[in-house]
Each structure stands twice: as structure tokens, then as C-alpha cells.
Amino acid sequence: MDSRSTFSSRMGLVLATAGSAVGLGNLWRFSYVTGENGGAAFVVIYIICVILLGIPCMVGEFIIGRSQGANAVRAYAKLPKANNWWGLVGALGVLTSIVILGFYCVVAGWCLHYLGCALADNIPATSAESAAYFKNLNENTWYPVIWGIVFLLLTHVIVRFGVKNGIERVSKYLMPVLLFLLFVLMVAACSLPGAWRGVKFLFQPDWDCVNVNTFIEALGQAFFSLSLGMTCLCTYASYFDKGTNLVLTANQIAILDTMVAILAGLIIFPAAFAVGVQPDSGPGLVFVTLPGVFHTAFSEMPTMGFVISVMFYALIVLAALTSTISMHEVGTAFFTEETKLSRPAAAWIMTIITVIITIPCALSQGLVPQFSVLGMDLLSFLDTMSGNYFMPIGALLSCAVLGWIVPSDYVRREFVGSQPRLAVLFLPLIILLRFVCPIFIIVVMLSKLGLL
Ligand code: PHE
């Protein structure tokens, strides 16, 4: 299995990379963050963050990965004028991907469990029942641990088969299914009586809700959703060829990712408003609020309710899987290239290290509440640390290395590749990478720390 093979088609490349971006961030996180930050106004700010900061940072990661054709640690260390210390940025990326994969598998495991419940037509019927069910699941059973590990093993099996035969092949099937489910669910949710209030919530901005915090949340969400700042895209780009148009690819991925988030909003908010549930119930939205919502909304058509629930949880599981694959690949590429191990053995190392994080994260949700740090359960702590610090720092350093360390002639050559038309975009890109992105990220981090 050749870990340095390239994606075999442009379609495969875009679907695999978009698969990394489209995940729980779009379906679970986007909806509750939008719900908590006032709806449409947040969406507008989010889109601005994606265009001004997300796309340039994505192109930056692509340049680093494609120019070196190596795992993240080696890619950063080998950039011209960079020294071995820059390899630490890649190492931070590998570490972050292990941490995120560790807790992400717990949430994805919940989804798998709910998919099982939906298939058995066993989903709690009211929000109160859902809340008790979700609490009980975490406090009294080993299911979260087991489902988390099952999800990780599923990811492992795909990554083990390599870039072409594993990641690309699976993405080519899963992404179209995912988009199909999304459309069907959107039509079903928007046709519920009273659904228009949810649509309005998503599209009619209420600027009074906007404050500094809205910008912080929007930037964090954009980074998380586009898989930025943890060398995931850098690793995928190491499998791109020189003919890949990096700007076009970044635009396509950003558009797909944002479209999926908005479509997910068009499922969740109309359904919630149709049954009179407020959409600002935080991270529990998908596991506590929604099961009851689907049940109530389709109470007169129980079969429809059943089908919708199954489709919805299948959708989240697929989306999560295409993302966990990309996180796993960061470490697998690293262990394959930096040790003498075969790809399957390297994939096992990555899986085993991740399990060490997944288990306490799952237990910290209730069975063993002692697994907490700074007053937060382990899962929330790692989520906060990676989203608020590791990812922005990773993104900041990737902008810094391209903007300030690597000679700009080299950056230009690697950016253009074999697409001379891109040359005109180099100046705006370098201005964004040198000044706009770093300044914005620093301001956001300082205000998160309460220093601004
Ligand atoms: N972008 C993914 C999502 O939206 C999460 C992710 C983060 C994936 C970082 C890979 C790397 O869920």
C-alpha cells in the first residue's frame, strides 16, 4: 500500500477533502452555535470568516502539503528556510488530530447508538424522556465507550487501505449518499406546518444579537468546520498533483461545506420551530431536543417519523466518518513515513493511541465523572483546548511560515503549480496570509483569553 500515492481523480480528491470538512461540525456544532448566537446574523458573519480567513488558510495548508509531498511533520521541517523546529508545527498538528479524533469518536459513537435506536424504533418520544435517556446512557452504561471504539475501528479499517483504495473510494460513495439524505430531510422538515419560522430564523438577521463573542464563535466554527489548523488538509494535499488548481479546490470545498451546514440548519430549525422547541439548547440539541422533535412533528405519520429519524442519524454517522478518516490519516501518514512500519501497522499505532483518549473521554461523560480537568469533563476540556488554542495556533503558524519564513518566490511557484492563471491571485493571497489572517487570529485568541 503506497502511502505516497496521489488521489486518482479530481472528483475523488474534492469529495475526500470535502468529506474531511463536512462532519459533526456542520450538523451538530453549526446548528447549536447558530441557535445560541441569534441565527441569520451569525450565519452572515460565519460566511465572511470563511471567505476572508478560511479559504486563504486552506490554500496555505494545501501549498505546504503539496510542495513537500510528505506527512505534516516532515513537510513543515523541510520547507525552504524553515529549520527542524518548524517540524514541531507539524507535530502539533499530529497531536491535535489525535486529541480531536479521541473525543470526536465519543460523539460519533453516540450517533451510532442513536442510529441503532432509530432502526429499532426505540428513540425517546419527548424531550424530557430524551434528556433522561441521554443522561442514563452516559451515567450508567458502557455503551458510549463501546460505540466510540467501534467507530474508531470503522475508521481504522478504511484508512488502513490507503489513499486510493480506502479514503478516496469510500468518500466517492459516502458523499453522494450524504448529500442525498440531506436534501430529502430538508424537504421533509421544511414541509412541516410552522416550519417557516425556522427558515426565517436562519435567513433573517437580527443584528442586535451580534457582539464580539459572535465573531469569536464564527471564526472558531469556520476553522473547525473547514478542518483547518491541524495539518489535516496539509496531509491530504500531499496527495494532490501539481495540476490541481488549489484556489478552485479550496472554493469548492468551502462552498460544499457551507452548503451542508445551511442545509442542516434547514432541517433542524424548521423541525424545532414546527413543534415549538427553542433552538438554543446547546450541544444537547441533536441528542436531547431533536429525537423528541422528529417524533412529535411526524406523530400523525409514525412510519415517516421512523424513516426520518433513521435517515437523520445515518446522515450524521456518515458525515462523522468521512471526517474521522481524515484525522486518522494525519497520524497514519506520520507513523508510516517516520518509522519502518507498514501502513497497516502504522494505522494500528494511531488507533491504539487514540483509544487511550477515547475511553476516558467517554467515561468522563458520567460513568467516571472524576475524569475532569479545570472543572470541565475531559471531553469538553479537550474540545475547548483544541478548538480555542491548538487549531488557531496551528493556523497562525502555518500563515506565519508561508507569509514570513519561506521565500515568496518559492511560495508563488508552489501555489501556481502547473496553473499559470493563478499567478494573479498570488498578491492577494500573500497579503491575507501575511497580515489579515494572523492579525485576526491573534485578536480572537486574545479576546478569548480575556486580554482584549
Ligand atoms: N471539519 C470537521 C467537522 O466539521 C471536523 C474536523 C476538524 C475534521 C479537524 C478534521 C480535522 O466536523
Side-chain angles (χ1 to χ4, degrees), residues 15-34 46 49-50 54-55 57-58 61-62 65 72 90 92-111 151-152 155 158-159 167 171 174-175 178 182 217-237 250 253-265 283 285-286 315-334 350 354 357 379 382-395 398:
L15 289 180
T17 316
S20 167
V22 170
L24 296 173
N26 307 59
L27 303 170
W28 166 66
R29 206 168 181 280
F30 181 81
S31 49
Y32 83 75
V33 177
T34 305
Y46 174 77
C49 287
V50 168
I55 294 180
C57 287
M58 194 187 297
E61 280 204 34
F62 285 167
L92 176 73
V94 176
L95 181 74
T96 311
S97 63
I98 294 173
V99 167
I100 299 188
L101 182 58
F103 72 76
Y104 202 91
C105 278
V106 177
V107 183
W110 288 335
C111 300
F151 205 92
L152 183 57
T155 308
I158 297 166
V159 174
I167 301 175
S171 307
L174 295 192
M175 290 305 284
L178 188 146
L182 210 57
E217 290 288 342
L219 186 72
Q221 174 61 21
F223 274 43
F224 186 83
S225 190
L226 295 173
S227 313
L228 289 172
M230 48 161 291
T231 66
C232 210
L233 299 180
C234 165
T235 306
Y236 267 22
I253 288 156
I255 291 172
L256 254 171
D257 189 66
T258 308
M259 205 179 79
V260 171
I262 290 178
L263 283 176
L285 187 63
V286 164
L315 170 72
I316 310 197
V317 165
L318 294 187
L321 187 59
T322 51
S323 294
T324 51
I325 295 172
S326 69
M327 296 176 213
H328 201 293
E329 177 60 21
V330 175
T332 302
F334 170 72
M350 180 65 186
T354 308
I357 296 181
L379 192 156
L382 293 180
D383 183 8
T384 313
M385 284 305 288
S386 44
N388 288 2
Y389 303 104
F390 292 1
M391 289 175 87
I393 291 175
S398 71

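Both ligands and their constituent atoms are indexed starting at 1 by order of listing.
For ligand 1, none of its N or O atoms has an N or O atom of Met391 under 3.5 Å away. Any N or O atom pair closer than 3.5 Å counts here, and Cys232 shares no such pair with ligand 1. Any N or O atom pair closer than 3.5 Å counts here, and Asn26 shares at least one such pair with ligand 1. Checking only distances, Val22 never comes within under 3.5 Å of ligand 1, N or O to N or O.
Ligand-side atoms of ligand 1 in range of Ser326: 10 (C), range being under 4.0 angstrom from any heavy atom. Those atoms of ligand 1 with a heavy atom of Leu24 less than 4.0 angstrom away are 12 (O). Close approach of ligand 1 to Ser20 is summarised as follows: ligand atoms under 4.0 Å from at least one heavy atom of the residue are 1 (N), 2 (C), 8 (C), 10 (C). Near Ser225, meaning under 4.0 Å from any of its heavy atoms, are these atoms of ligand 1: 1 (N), 4 (O).
Protein heavy atom in closest approach to atom 10 (C) of ligand 1: Ser227 OG, 3.4 Å. At the top of the distance list for atom 4 (O) of ligand 1, counting protein heavy atoms only, stands Ala21 O, 2.8 Å. Protein heavy atom in closest approach to atom 5 (C) of ligand 1: Phe224 O, 3.6 Å. Scanning the protein for heavy atoms near atom 9 (C) of ligand 1, the closest one is Met230 SD, 3.0 Å.
The two atoms that bring Ile167 and Ala16 nearest to each other are CG2-CB, 4.2 Å, heavy atoms only.
Among Val94, Thr354, Leu382, the one residue that satisfies the side-chain contact (heavy atoms from CB on, under 4.5 Å) test with Val99 is Leu382.
For the atom pair CD (Gln221) and CG (Asn26), the distance works out to 7.5 Å, reported to the nearest 0.5 Å.
Between Val22 and Met175 there is a side-chain heavy-atom pair separated by less than 4.5 Å. Between Leu24 and Tyr104, the closest side-chain pair of non-hydrogen atoms falls below 4.5 Å. For the pair Ile100 and Met230, the minimum side-chain heavy-atom distance is below 4.5 Å. Residues Ile98 and Met350 have side chains in contact (heavy-atom distance under 4.5 Å, counting atoms from C-beta outward).
Side-chain atoms of Ser323 come within 3.5 Å of backbone N or O of Ser20 as a donor-acceptor pair.
The closest approach between Phe30 and ligand 1 stays at or above 4.0 Å for every heavy atom of the residue.
Under 4.0 angstrom from ligand 1, there are no non-hydrogen atoms of Arg29.
Using cut-offs of 30° and 60° on the angle between ring planes, the pair Phe30 and Tyr46 is perpendicular.
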